[in-house]
Amino acid sequence: MDADSRVTTVSEVPEDGTFLFTVMEGFDEREVVLTKLTDGTVEAYLNYCQHWTDVRLDKGSGGTVRDDELVCTRHAATFRKDDGVCTHGPCEGAVLETVDVTVEDGAVYLTDDDYRFDHVGQASDIDLSSGGRIGFDGP
Ligand code: FES
């Protein structure tokens, strides 16, 4: 596995929260949240809600997890940690955007061809005015 794509160790990823890191998509920074499932595997999603796309799930201090679901604190949408499906809330049925990661020897690697690992933590160029607010009209 490429050392440049190593994000963190599995033990650093919380089950009751999220681990935030930043990737590059071309010249643009994108934030990703990692979360650990009860079986010890990890899943990764782009760090924005499917209801209002300018709302981040992890604002830099860890996202909210309740009953194995990621919670958007703005309007309380809940997303299953294992597949990102919104099970309740204004965007019910929508799905978080998955980012491919792989675990090897206790470390988490970014293995998504669309992105390049940049750094742990939040993006340096967060601009909440960009990206627009896209309403979700249901499945
Ligand atoms: S912005 Fe996330 S539920 Fe409304």
Side-chain angles (χ1 to χ4, degrees):
M1 207 63 72
D2 181 358
D4 290 343
S5 63
R6 185 183 183 280
V7 177
T8 186
T9 60
V10 174
S11 60
E12 290 293 316
V13 182
E15 274 187 35
D16 60 351
T18 55
F19 181 99
L20 182 65
F21 67 100
T22 298
V23 299
M24 298 302 294
E25 181 179 24
F27 295 106
D28 297 324
E29 288 186 316
R30 306 293 302 269
E31 289 185 345
V32 180
V33 289
L34 272 176
T35 190
K36 193 187 300 178
L37 309 184
T38 50
D39 65 1
T41 59
V42 296
E43 292 291 342
Y45 303 102
L46 291 182
N47 184 29
Y48 68 89
C49 184
Q50 292 292 308
H51 180 214
W52 287 354
T53 59
D54 57 348
V55 173
R56 299 152 73 213
L57 299 172
D58 183 335
K59 296 174 174 62
S61 56
T64 301
V65 170
R66 191 171 55 225
D67 298 332
D68 275 339
E69 295 190 310
L70 299 169
V71 180
C72 174
T73 55
R74 184 66 63 93
H75 306 111
T78 54
F79 301 89
R80 283 196 302 250
K81 288 202 306 184
D82 59 349
D83 61 6
V85 172
C86 178
T87 59
H88 176 81
C91 49
E92 189 170 336
V95 186
L96 296 176
E97 257 192 88
T98 302
V99 175
D100 294 335
V101 292
T102 301
V103 172
E104 187 176 282
D105 295 331
V108 182
Y109 293 87
L110 177 69
T111 50
D112 196 312
D113 290 339
D114 292 338
Y115 309 110
R116 181 172 51 78
F117 176 67
D118 196 66
H119 63 270
V120 169
Q122 63 187 25
S124 58
D125 69 347
I126 292 173
D127 178 3
L128 296 180
S129 66
S130 69
R133 178 165 291 172
I134 302 169
F136 179 73
D137 296 326

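In what follows, residues are counted from 1 in the order of the sequence shown.
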Stepwise side-chain contact (heavy atoms from CB on, under 4.5 Å) test for Trp52 and Cys91: CA-CA 9 Å; Trp52 287 354; Cys91 49; over 6 Å; no
Minimum-distance pair of heavy atoms, taken over all atoms of Ala94 and Gln50: CB-CB, 3.7 Å
Heavy-atom donor-acceptor pair, Asp39 side chain to Thr41 backbone, under 3.5 Å: yes
Thr98: side chain to side chain donor-acceptor pair (under 3.5 Å) partners, not counting sequence neighbours: none
Linked hydrophobic residues, Tyr109 as query - side chain contacts closer than 4.5 Å: Met1
With His88 via side chain to side chain contact (heavy atoms under 4.5 Å, CB included) - residues at least two apart: Thr78
Closest heavy-atom pair and its distance - Cys72, Leu57: CB-CD2, 3.8 Å
Side-chain hydrophobic cluster, 4.5 Å single linkage: members besides Val99: Val7, Val10, Val13, Phe19, Phe21, Val23, Val32, Leu34, Val42, Leu46, Tyr48, Val101, Val103, Val108, Leu110, Tyr115, Phe117, Val120
Rounded distance [0.5 Å steps], CZ in Arg74 versus CG in Asp54: 7.0 Å
Side chain Asn47, main chain Asp58, donor-acceptor under 3.5 Å: yes
Verdict with supporting geometry, His51 and His75, side-chain contact (heavy atoms from CB on, under 4.5 Å): CA-CA 9 Å; His51 180 214; His75 306 111; 3.1 Å; yes
For Arg80, all residues meeting salt bridge (Lys or Arg N to Asp or Glu O under 4.0 Å), sequence neighbours excluded: Asp82, Asp83
Minimum heavy-atom distance between His119 and Gln122, given as atom pair plus value: NE2-O, 2.9 Å
Under 3.5 Å: donor-acceptor pair, side chain of Glu29, backbone of Ser124: yes
Asp67 atom CG, over 12 foreign heavy atoms within 6.0 Å: no
Partner residues of Asp68 under the salt bridge (Lys or Arg N to Asp or Glu O under 4.0 Å) criterion, sequence neighbours left out: Lys81
Exam field: side chain Thr18 to backbone Thr35, donor-acceptor pair closer than 3.5 Å: no
Minimum-distance pair of heavy atoms, taken over all atoms of Phe79 and Gly84: CD2-O, 3.5 Å
Reported CD-to-CG distance for the pair Glu31 and Asp118, which is rounded to 0.5 angstrom: 11.5 Å
Side-chain donor or acceptor of Asp100 paired with backbone N/O of Asp112 under 3.5 Å: no
Heavy-atom pair with the smallest gap, counting every atom of Arg6 and Ala107: NE-CB, 3.8 Å
